[in-house]
Protein chains: 2
Amino acid sequence: MSTNISKYTIERMKDSCLKITPQRVAVLEYLLHTDSHPTADEIYKAMENRFPSISLTTVYNNLNSLCENGLVQELSFGQTSSRFDSDTTNHYHIICSNCGKMVDFHYPELKEIEAFAEQTTDFEVSHHRLDIYGKCEICCKES
Amino acid sequence: MSTNISKYTIERMKDSCLKITPQRVAVLEYLLHTDSHPTADEIYKAMENRFPSISLTTVYNNLNSLCENGLVQELSFGQTSSRFDSDTTNHYHIICSNCGKMVDFHYPELKEIEAFAEQTTDFEVSHHRLDIYGKCEICCKES
DNA sequence: CTAAATGCAAAAAGTTTGCAAACGT
DNA sequence: ACGTTTGCAAACTTTTTGCATTTAG
């Protein structure tokens, strides 16, 4: 996590034919500098300070274009807001059922279960998603 | 999948202090007789025939009360509708990215990854959710 | 210069809420 | 009788769309 957006990231945007707008850079920069898996609205609110004119629509537009081009990952849930993650390498998440905190953890990819599913269901498997739920350290202490 | 709602299911409703209304019975009966993992709206539409007066609100009310009492499981996704499943035993799902079809598959529970997550994150793990994505047989043939 | 991006207001989709009337126990 | 459930209309939340204006390349 460097303080300035990397040249590599700018290159990846250019490679995807995405224009380098200040708003787009700010959204991606924010995601690169946090591990909190923020929602679109949280990103928007974080931006208001330094970027008073940005709109929530623009945040969504940019999250969508970044996701479509694989620079960002969307983690969607039920009725509640999606969360966004600039770490697009293979990893899983653990989520606190109490406060919603979301933490990364790395684990070897579950290829066996994908193979099993493919054999038993006649689907052509592309990927999977695993989320673990529990109670985070802070919420454990509070109860 | 029997044709009539089982006495056992009525008992489970009673045990949960849920009143046995025709609408509630119809919703649960429908879920027990299908493996299609329908949305609230699909259940509602399926009901309109035999049950012209039922409302979508009532379908939601009942799905919620049945979920709260563990008779039904909600599978929520992003912006799109939740799906509901009366099979509350441990099993996983595979979902067609093209047509949305959802199929059950059974696999030994992933206890190791839960234990690993607990060790590496300081969470107290309660459960997990795994969904596999791919293309179903029909959608594969069409492309 | 041109196509893409911005930002506003409005719409869309899914779900929940408030509430009066009806119903189950 | 009592508290629960029903079903209607309206609210709510998150995300998308339409569109005129602005901006990046």
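Residue numbers begin at 1 in each chain, while the letters A, B, ... track the order of the sequences.
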### Task
Go through residues 37-47 of chain B and report each residue with a non-hydrogen atom lying under 4.0 Å from DNA chain D, sorted by number.
none

### side chain to side chain contact (heavy atoms under 4.5 Å, CB included) partners of B/E142, counting only residues at least two apart
B/I138

### Task
Figure out the CD/C1' separation between A/E68 and D/dT15, and round it to whole Å.
14 Å

### Query
Who pairs with B/H91 by side-chain hydrogen bond (donor to acceptor under 3.5 Å, both in side chains), at least two apart in sequence or on another chain?
B/D85, B/H93, B/D104

### Task
Send over the distance from A/R83 CZ to D/dT15 C1', rounded to a whole Å.
16 Å

### Task
In whole angstrom, give the distance that lies between atom CD of A/E74 and atom C1' of D/dT15.
10 Å

### Task
Taking side-chain hydrogen bond (donor to acceptor under 3.5 Å, both in side chains) as the test, write out the residues that go with B/R83, two or more places apart.
none

### Query
In the 5'-to-3' direction, what one-character label does each nucleotide of nucleotides 2-14 of chain C receive under the scheme B = base within less than 4.0 Å of a protein heavy atom, S = sugar-phosphate only, - = no such atom?
-BSSBBBB----S

### Query
In whole angstroms, how far is the C1' atom of D/dT17 from the CG atom of A/N64?
12 Å

#### Entry: Qualifying residues under side chain to side chain contact (heavy atoms under 4.5 Å, CB included), relative to B/T80, sequence neighbours excluded
B/F77

### Query
Which residues satisfy the ring-ring contact (aromatic ring centres under 6.0 Å, His included) test with A/H128, sequence neighbours excluded?
A/Y92

### Message
Among residues at least two apart in sequence or on other chains, which ones pass ring-ring contact (aromatic ring centres under 6.0 Å, His included) with B/Y30?
### Response
none

### Task
State the dot-bracket string of DNA chain D. Criteria: Watson-Crick or G-U wobble, both atom distances under 3.5 angstrom; notation: ( ) intrastrand, [ ] crossing earlier pairs, | interstrand, . unpaired.
|||||||||||||||||||||||||

### Message
Restricting to salt bridge (Lys or Arg N to Asp or Glu O under 4.0 Å), what partner residues turn up for A/R129, sequence neighbours left out?
### Response
A/D131

### Task
Please list, chain by chain and in numerical order, all residues satisfying ring-ring contact (aromatic ring centres under 6.0 Å, His included) with A/Y60, sequence neighbours excluded.
none

### Contacts of type side chain to side chain contact (heavy atoms under 4.5 Å, CB included), residue A/T57, not counting sequence neighbours
A/S55, A/N61

### Query
Do you see a donor-acceptor pair shorter than 3.5 Å between the side chains of A/S82 and A/E74?
yes

#### Entry: Spacing between A/L63 atom CG and D/dT14 atom P, to the nearest angstrom
15 Å

### Message
Donor-acceptor check, side chain of A/T88 to backbone of A/Q73, threshold 3.5 angstrom: yes or no?
### Response
no

